[in-house]
There are 2 protein chains.
Amino acid sequence: MATEIERKFLVTSDAWQEEAIGPGLRLRQGYLHAGSPVIRIRQAGDAAFLTIKGPGLLARAEFEYPIPPEDAAAMLATLCPPPIIEKTRTRLRDGWEVDVFAGHLAGLVLAEIELADADQPFPRPAWLGREVTGDPRYQNNALARAAGPPTP
Amino acid sequence: MATEIERKFLVTSDAWQEEAIGPGLRLRQGYLHAGSPVIRIRQAGDAAFLTIKGPGLLARAEFEYPIPPEDAAAMLATLCPPPIIEKTRTRLRDGWEVDVFAGHLAGLVLAEIELADADQPFPRPAWLGREVTGDPRYQNNALARAAGPPTP
């Protein structure tokens, strides 16, 4: 078990691309249970994971297990209500990650940073927009059910 | 992924004990999600498992993954609504398993057999009582929420 502290922001330009470490990783994910706890199935490139997240927006208990990719494909197809979230995640220098969404959320770009504790200072690049950590519309399980990207 | 076909019966006497293979295995289990799909956390002796079961009473898709026992203990304590199901499972000759429940379900004894297909013939020992496969009160997720054993 890990306790995850994650802050999430909108992105105001493409300038983050200059800070990318390597190519983006293609993610497909859906929810076996979108309530509490959140139970997520994720395909990440050739790997796949089952993740359980306890309640809480900022800091939450998280359990993650690798699973066979064919199991993930079967669960995404038969047990996770559509639509499935599709996005490409790119790691940047300084610990930031940027998610460029596709499918029903095309147009949405979010930046996330994981912190060791809630008060830890972190870099704030020029392309960083409004913080949406506490905005429930930008939680992944809400995005999965949304008809399109939230109005910023 | 496996498709599980399981038939479940009441037990009318203790005569099954003469057919036991080895000692019983102590199980503790709770549900991260008791709806559809069922998502179960189970401690089985020193091991632990996370299991996902698709819809259906008789035949259902099932995905099962071993997880660290300390993760199971943390999830049973914090993410699974009480009460936790406690039972001792004993394997018998001929493929039967008998569950003797404890805790809030003390007094309940159930026999289960797993079959390769729904029409497969199976042994029917003298201690076997009424079939409860199709009775939703005897599903494990319903038992977890029950105040006590169902009235037979």
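What you see below is based on every heavy atom in this structure, not just the backbone, and it leaves out hydrogens, waters and symmetry mates. Chain letters run A, B, ... following the sequence lines, proteins first, then strands; residues in each count from 1.
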Other residues, nucleotides and ligands only: do more than 12 of their heavy atoms fall within 6.0 Å of [atom1] on [X]?
| X | atom1 | answer |
| --- | --- | --- |
| A/D117 | CG | yes |
| B/E18 | CD | no |
| A/R91 | CZ | no |

Non-hydrogen side-chain atoms of B/F63 and A/I67 separated by less than 4.5 Å: no
Any side-chain heavy-atom pair of A/L50 and B/I52 under 4.5 Å: yes
Heavy-atom contact with chain B under 4.5 Å, split by part of A/L79: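 Backbone plus side chain of A/L79, per the 4.5 Å heavy-atom cut-off to chain B.
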ILVMFWY network linking B/L10 to B/L105, side-chain heavy atoms under 4.5 angstrom: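 In one cluster: yes.
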